[in-house]
Number of protein chains: 2
Amino acid sequence: MPEVSSDFLDDYLPYLLRRADQTLSAPFYAVLNEYGIARSEWRVLAVLEELGELSVLDLAAAALSPQPTVTHALRRLEKRGLVARTTGTIDKRQRFISMTSAGSALTTTLMAEAKRLEAAALSEAGDLSDLVAKLVELTARIEAHTAAPNTEASA
Amino acid sequence: MPEVSSDFLDDYLPYLLRRADQTLSAPFYAVLNEYGIARSEWRVLAVLEELGELSVLDLAAAALSPQPTVTHALRRLEKRGLVARTTGTIDKRQRFISMTSAGSALTTTLMAEAKRLEAAALSEAGDLSDLVAKLVELTARIEAHTAAPNTEASA
DNA sequence: TGACTTCGCATTCGTGTGAATCTATTGTCC
DNA sequence: GGACAATAGATTCACACGAATGCGAAGTCA
């Protein structure tokens with residue numbers, strides 16, 4: 001016998017989270033492909049639709065994406081007429097991003113599809129509010145724990 | 001009032017999963033960068049270390065990555081002497097991938113670091129076995145639900 | 001055995017990604 | 001007010017990613 005399996009993955013939360021995400025998202029990613037929308041672009045659109053006008057940095061934070069990735073996505077989305085950029089009035093460094101009506105319409109469609117597919121996949125799953133609550137709490141706790149101790153973001 | 005926020009994201013499980021994953025994994029990704037290991041390569045290494053010799057397709061499935069991505073990762077890992085490729089004896093199409101001692105050593109180190117960082121991040125979190133169980137169950141259910149109905153993997 | 005299909009993996013190639021860097025603007029301190 | 005640091009965002013550039021495709025090696029059926 002070549003050594004007992006050490007069961008790293010089965011206890012490694014990031015693996016389980018990623019696995020669940022991928023399994024759940026796969027059908028929707030196919031939809032995105034049909035619309036020619038990259039995943040990073042979808043994340044930007046969803047955040048914008050939900051939170052309204054945002055600066056690039058706020059957008060990046062909410063979309064869980066690095067700033068350059070968001071900037072690239074915005075350029076593409078702007079070229080397609082889905083979002084608009086306006087220079088900040090108070091702080092001229094800032095660019096405030098907002099949806100165009102076309103962008104909002106598309107995003108609404110995508111969100112509906114996303115929710116539909118999610119609901120279909122979860123139809124047989126039981127009580128998920130518990131899972132959601134734990135996920136939210138966990139994330140919040142880690143974020144606090146990571147940001148707080150050193151006051152400084154390490155290199 | 002510009003319409004009540006529809007709270008899409010707060011209820012959208014893929015977003016929550018991804019958010020938790022990223023938050024939890026961020027410190028470890030910094031470690032990977034230090035070692036010059038891409039994320040896809042880490043996933044391959046972790047699976048190999050845990051499951052032992054595997055074919056490319058099995059590896060891809062376990063690593064949650066597309067096959068070409070795995071092949072690319074393997075080429076790089078082989079070039080660095082971390083994995084070895086042997087042609088299958090029965091089926092000559094297959095390539096069985098195995099760890100070299102150097103690869104295994106590195107992976108063991110990385111796994112230890114991953115577990116250490118995970119434990120640190122989760123130190124204040126309460127009972128997670130519940131969360132893990134729910135995640136596993138959820139994933140399994142979706143996978144079954146997705147694969148079963150049609151007997152065939154759709155295009 | 002030969003034609004055809006299916007499967008495993010490699011390769012190509014276009015594209016998204018993100019670390020590092022740069023520019024422009026703002027805040028700060030003297 | 002001028003010099004310096006800090007910040008917002010754009011840009012550059014190298015590289016990973018993955019869809020499409022190619023190719024060789026089994027199965028299959030006659």
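Lettering of chains follows the sequences in order, A, B, ..., and the numbering in each one begins at 1.
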> How do B:I90 and A:L74 order along DNA chain D: which one's closest nucleotide is nearer the 5' end?
Replying inline: A:L74
> Whole Å only: how far is the CG atom of A:L57 from the P atom of D:dG9?
Replying inline: 4 Å
> Earliest and latest nucleotide of DNA chain C, 5' to 3', sitting under 4.0 Å from a non-hydrogen atom of chain A?
Replying inline: C:dG16 to C:dT26
> Taking atom P of D:dA8 as reference, at what distance in whole Å does atom CD1 of A:I97 sit?
Replying inline: 14 Å
> Just how far, in rounded Å, is C1' of D:dA8 from CZ of A:R85?
Replying inline: 13 Å
>> Which is more 5' along DNA chain C, the nucleotide nearest A:Q67 or the one nearest B:D58? Just name the residue.
In response: B:D58
> If you round to the nearest 0.5 Å, how far is CG of B:L32 from CG of B:L45?
Replying inline: 9.5 Å
> Nearest 0.5 Å, what's the CZ-CG distance between A:R19 and B:D21?
Replying inline: 14.0 Å
> Want to settle it: does A:S65 or B:F96 sit nearer the 5' end of DNA chain C, counting the closest nucleotide to each?
Replying inline: B:F96
> Of all residues at least two apart in sequence or in a different chain, which pass the side chain to side chain donor-acceptor pair (under 3.5 Å) check with A:E53?
Replying inline: none
> Going by heavy atoms in the side chains, are B:L74 and B:I97 under 4.5 Å from each other?
Replying inline: yes
>> Among residues at least two apart in sequence or on other chains, which ones pass side chain to side chain donor-acceptor pair (under 3.5 Å) with B:R80?
In response: none
>> Salt bridge or not between B:K115 and B:E118? Use side-chain N to carboxylate O under 4.0 Å.
In response: yes
Give me the distances for all protein-to-nucleotides 12-16 of chain D N/O pairs that come in under 3.5 Å?
from	atom 1	to	atom 2	distance (Å)
D:dT12	O4	A:H72	NE2	3.4

>> Whole angstroms only, please: what is the CG-C1' distance between A:D91 and D:dA8?
In response: 7 Å
>> If you count every heavy atom of other residues, nucleotides or ligands that lies below 6.0 Å from A:Y35 atom OH, does the total exceed 12?
In response: no
>> Rounded to whole Å, please give me the gap between CG in A:N33 and C1' in D:dA19.
In response: 9 Å
> Is there a donor in the side chain of A:T109 and an acceptor in the side chain of A:E113, or the other way round, less than 3.5 Å apart?
Replying inline: no
> Taking the side chain from B:S104 and the backbone from B:S101, do they hold a donor-acceptor pair closer than 3.5 Å?
Replying inline: no
> Looking at B:I37, B:L77, B:T100, which one forms a side-chain contact (heavy atoms from CB on, under 4.5 Å) with B:L106?
Replying inline: B:I37
> B:Q94 CD to D:dG24 C1': how many Å, rounded?
Replying inline: 14 Å
Write down the protein N/O and nucleotide N/O pairs, taken from nucleotides 1-5 of chain D, whose separation is under 3.5 Å; answer none if there are no such pairs.
none

>> The criterion is ring pair (Phe, Tyr, Trp, His ring centres under 6.0 Å); which residues satisfy it with B:F28, sequence neighbours excluded?
In response: B:W42
